[in-house]
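Following: one structure in structure tokens, then a few remarks.
Remember, it's 1-based here, ligands and their atoms both numbered in the order they're listed. Positions are given from 1 along the sequence.
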Amino acid sequence: MIPYGRQIIEPDDIQAVVDALTSGWLTTGPCVAAFESAFADAVQVGCAVSLSSGTAALHSAMYAIGVGRGDEVIVPSMTFAATANAVIYQGGTPVFVDVDPKSLLIDVGLAEEKITEHTKAIIAVDYGGQPCDYDQLRSLVKKYNLALVADACHSLGGSYKDTKVGGLADLTAFSFHPVKHITAGEGGMVATNDENLAERIRRFRNHGIATDHHARQKQKTWYYEMTDLGFNYRLTDMQCALAHSQLKKLPLWLNRRRELARAYDRAFAEVATINRLSTHPNVNHAYHLYAVRLALQKFSATRLDIFSELRAKGIGVNVHYIPVHLHPYYQNNYGGKKGDCPVAEQAYEELISLPMHAALTDAELAFVVESLLEIIQ
Ligand SMILES: *Cc1c(COP(=O)(O)O)cnc(C)c1O
């Protein structure tokens with residue numbers, strides 16, 4: 001099976017984990033600080049705080065900006081459920097907004113219509129790896145005095161105009177799940193230029209305790225205070241060692257993803273039944289996904305037929321995403337229903353994600369293209 005996404009683990013990655021295992025530390029040790037510092041440099045921000053998953057990163061971001069009961073947070077429906085779930089973990093209410101049909105990024109005009117006196121923040125999702133329109137988003141949050149959080153689980157290494165993803169919102173969440181750009185097995189990060197928000201997240205990931213064990217050791221005391229209700233959201237030393245080793249290869253892997261995207265773009269440029277998503281000229285796309293929209297009205301086959309035939313050929317296509325407001329949990333508890341976000345709903349019917357990862361070979365890409373064209377022609 002050619003998967004839609006997968007990790008690359010090389011001998012230096014393995015050695016890095018072995019070194020961490022034999023160093024005497026297993027959890028919060030020197031690899032955590034080293035990885036956080038290298039990551040902050042890579043995305044050009046002041047602070048990076050590691051967490052046990054991208055979901056924990058989003059949850060921590062909601063905590064840091066003070067989302068609580070009665071607060072609304074605007075979330076695009078075309079995303080993974082974790083983006084909206086993070087709002088609910090803090091007692092807030094996600095308010096779903098539709099996306100632009102060409103890029104599948106948050107429709108900033110519609111987002112403005114969703115703002116009420118209860119709105120606390122907007123979460124922008126860089127769908128597929130393309131940064132949203134952060135100029136528009138920043139002027140909107142400024143006008144209404146809201147927080148801007150980026151779910152950049154798809155867009156590590158991307159940039160908007162001259163700014164890297166990480167420094168475009170108040171807080172930016174990343175994931176190190178194996179299908180993402182770099183992996184820690186499981187893991188996440190929040191990047192920010194606000195030291196106060198970073199400090200809140202460091203406390204939140206450590207049970208809401210203000211000092212960590214290093215600080216207590218230095219102060220020669222057992223005393224600590226739990227000041228807030230936090231969680232154990234720490235990333236281990238072994239995981240940070242792996243992710244740090246992976247981070248060194250990010251530029252190389254991004255180049256490969258972009259090369260593959262150009263090859264798909266060329267292959268589908270003249271195909272009237274495959275609608276490629278649009279890329280804005282002022283962004284550097286990170287291509288977590290290569291998703292296309294099938295012009296289904298021009299086929300007798302359904303998307304399920306096409307999906308199944310590709311899977312039968314050993315091509316691990318996928319669909320990103322079922323609009324979050326249509327999941328049973330959101331229908332039952334938040335009144336989500338068909339028609340709430342018509343663009344996302346229509347896109348969902350037509351979307352298919354083709355294999356996109358740095359280990360994909362030219363021959364595999366050619367086989368994917370040939371198979372898809374054969375099925376739809
Ligand atoms: C992967 C992902 C997450 C969650 O990250 P985990 O590390 O799996 O918890 C959240 N949002 C989006 C858009 C993602 O793709």
**Item:** Residue-ligand contact His288/ligand 1, heavy atom below 4.0 Å
**Value:**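 It does not; every heavy atom stays at 4.0 Å or beyond.
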Near [X], which atoms of ligand 1 are under 4.0 Å from a heavy atom of that residue?
X: Thr83; answer: 11 (N)
X: Gly54; answer: 5 (O), 6 (P), 7 (O), 9 (O)
X: Tyr321; answer: 15 (O)
X: Gly187; answer: 7 (O)
X: His154; answer: 13 (C), 14 (C), 15 (O)

**Asked** Should the proximity of Thr79 to ligand 1, defined as any heavy atom under 4.0 Å, be assigned to the side chain, the backbone, both, or neither?
**Response**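 Near ligand 1, Thr79 shows its side chain, while the N, CA, C and O stay back.
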**Six-ring centre of Tyr348, Arg303 cation under 6.0 angstrom, axis tolerance 45°** =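 Yes, Arg303 sits over the ring of Tyr348.
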**Prompt:** Relative to each other, are the rings of Phe39 and Phe176 parallel, tilted or perpendicular (30° and 60° limits)?
**Reply:**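 Aromatic pair Phe39/Phe176 classed perpendicular.
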**Request:** Look at the rings of His154 and His288 and say which category their plane angle falls in: under 30° parallel, 30 to 60° tilted, over 60° perpendicular.
**Result:**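 Plane angle between 30° and 60°, so tilted.
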**Asked** What pairs meet the salt bridge (charged side-chain N to carboxylate O under 4.0 Å, His left out) rule with one or both residues in residues 60-69, with sequence neighbours excluded?
**Response**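 Counting only pairs at least two positions apart or across chains, no salt bridge (charged side-chain N to carboxylate O under 4.0 Å, His left out) contact touches residues 60-69.
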For [atom], grab the closest protein heavy atom and report residue, atom and distance to one decimal in Å.
atom: atom 4 (C) of ligand 1; answer: Thr55 OG1, 3.6 Å
atom: atom 14 (C) of ligand 1; answer: Lys180 NZ, 3.2 Å
atom: atom 11 (N) of ligand 1; answer: Asp151 OD2, 2.8 Å

**Request:** Please determine if Glu186 has a nitrogen or oxygen closer than 3.5 Å to a nitrogen or oxygen of ligand 1.
**Result:**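 It does not: no N or O of Glu186 is found under 3.5 Å from an N or O of ligand 1.
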**Item:** Gln130 versus Ser103, side-chain donor and acceptor atoms under 3.5 Å
**Value:**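 No, no side-chain donor-acceptor pair sits under 3.5 Å.
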**Asked** Is the closest side-chain donor-acceptor distance between Tyr127 and Asp151 under 3.5 Å?
**Response**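 Side chains of Tyr127 and Asp151: no pair found under 3.5 Å.
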**Message:** Tell me whether Lys249 at atom NZ has more than 12 heavy atoms from other residues, nucleotides or ligands lying less than 6.0 Å away.
**Reply:**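 Yes.
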**Prompt:** In this structure, which one of Val75, Leu148, Ile74 forms a side chain to side chain contact (heavy atoms under 4.5 Å, CB included) with Ile123?
**Reply:**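 For Ile123, the side chain to side chain contact (heavy atoms under 4.5 Å, CB included) test succeeds with only one of Val75, Leu148, Ile74, which is Val75.
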